[in-house]
Amino acid sequence: GYSRRMGWTGFEGWVSDPQTGVTDMPFEEAAFASYGAEPSPLAAIVATRGQKSVKEGGNKEFNGKNCIVVTIKESPIEFFVNQDSKLLEGYLAPGGYEVTFEDYKTVQGIQLANKRTIKVEDQNLAMLFEFKTAKLNGKIDDSKFTRPSCHVASPNTRLEEGSYTADHI
C-alpha cells in the first residue's frame with residue numbers, strides 16, 4: 001500500500017512518502033494542510049486568525065443542503081455551514097479541491113464528522129476518510145513530530161491499488 005505522513009511545526013512543513021522520500025512543503029501549503037487535518041478547519045482558522053478574518057458571503061446549496069457561505073480574509077477558500085444544524089458541510093478550494101463532512105457524532109460534548117470526503121477534480125482523485133474512534137486532547141507521542149529520515153522506494157516498487165495510509169501531525 002501507499003503511506004504518506006505530513007508534519008507541520010508552525011514554522012516548517014514536510015511530507016514523506018515511499019516514492020519521493022521526505023520533502024519540504026511550502027509555508028502556505030503546510031499551513032493549509034494543518035487546518036485541513038483539524039476536526040473543523042473553519043474553527044481552527046478562526047481560533048488562529050480571529051473572528052474578524054471571517055466574512056459571510058450569502059447563501060448557497062452545497063452537498064444538497066442549504067448553507068451559509070463563509071470566506072476567510074485573503075483566502076480563496078469557501079466554507080459552507082449548514083443553515084439548520086450550523087455544522088460545517090464542507091469547503092471548496094482552488095484546483096477543484098472539495099471536502100465534505102458527514103455523519104456527525106458527539107464526542108466528549110463536541111460534534112465531530114465521522115466521514116470526510118476529499119475530491120480533487122484536477123487530479124481525478126477521490127478519498128473517503130471514515131473515523132472509527134475519536135479522542136479529544138489525547139496524548140501524542142513526541143516522536144510523531146520528528147521529521148523522518150529520507151527514504152525513497154525503488155522505481156520498480158508497485159503500490160497496491162486502493163490502499164492508502166495518511167498520517168497528519
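Atom set for the values below is all heavy atoms of this structure, side chains included, hydrogens, waters and symmetry mates excluded. Numbering of residues begins at 1 and proceeds along the displayed sequence.
With contacts defined as side-chain heavy-atom distances shorter than 4.5 Å, the pair Phe79/Pro41 qualifies. Counting heavy atoms from C-beta on, the side chains of Leu88 and Tyr104 come closer than 4.5 Å. Looking at heavy atoms from C-beta onward, Tyr91 lies out of side-chain contact with Phe62 at the 4.5 angstrom threshold. Residues Val54 and Ile72 are in side-chain contact: their nearest non-hydrogen atoms beyond the backbone lie under 4.5 Å apart.
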Applying side chain to side chain contact (heavy atoms under 4.5 Å, CB included), run through Arg116 and Phe101 and close with a yes or a no.
-> CA-CA 5 Å; Arg116 187 178 294 197; Phe101 297 84; 3.1 Å; yes
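A search for side chain to side chain contact (heavy atoms under 4.5 Å, CB included) contacts involving Val120 returns Tyr97, Ile118, Gln123, Leu125, not counting sequence neighbours. Listed by chain and number, the residues in a side chain to side chain donor-acceptor pair (under 3.5 Å) with Asn59 are Gln83 (sequence neighbours excluded). Not counting sequence neighbours, the partners of Lys65 by the salt bridge (Lys or Arg N to Asp or Glu O under 4.0 Å) test are Glu89. In this view, Ala44 and Tyr35, Glu38 satisfy the side chain to side chain contact (heavy atoms under 4.5 Å, CB included) rule, not counting sequence neighbours. With sequence neighbours left out, Asn66 forms a side chain to side chain donor-acceptor pair (under 3.5 Å) with no residue at all. Residues forming a side chain to side chain donor-acceptor pair (under 3.5 Å) with Gln111 (at least two apart in sequence, or on another chain): none. By the side chain to side chain contact (heavy atoms under 4.5 Å, CB included) test, Ala126 is found to be paired with Lys119, residues two or more places apart in sequence or in another chain being considered. Under the side chain to side chain donor-acceptor pair (under 3.5 Å) criterion, Ser75 pairs with no residue, sequence neighbours left out. For Glu102, the side chain to side chain contact (heavy atoms under 4.5 Å, CB included) partners are Asn63, Thr100, Lys115, Thr117, not counting sequence neighbours. Not a single salt bridge (Lys or Arg N to Asp or Glu O under 4.0 Å) links Glu98 to another residue, sequence neighbours left out.
Applying the ring pair (Phe, Tyr, Trp, His ring centres under 6.0 Å) test to residues at least two apart or on different chains, none of the pairs has a partner in residues 106-128. Screening residues 69-79 for salt bridge (Lys or Arg N to Asp or Glu O under 4.0 Å), with sequence neighbours left out, gives Lys60-Glu78.
Under the 4.5 Å side-chain heavy-atom criterion for Ile, Leu, Val, Met, Phe, Trp and Tyr, Met127 and Leu92 are members of distinct hydrophobic clusters.
Here CG of Asn137 is found 7.0 Å from CD of Gln108. Values are rounded to the nearest 0.5 Å. Taken from CG in Leu112 to CZ in Phe131, the straight-line distance is 9.0 Å, to the nearest 0.5 Å.
Exactly one residue among Val69, Leu42, Val70, Ile68 makes a side-chain contact (heavy atoms from CB on, under 4.5 Å) with Phe80. That residue is Val69.
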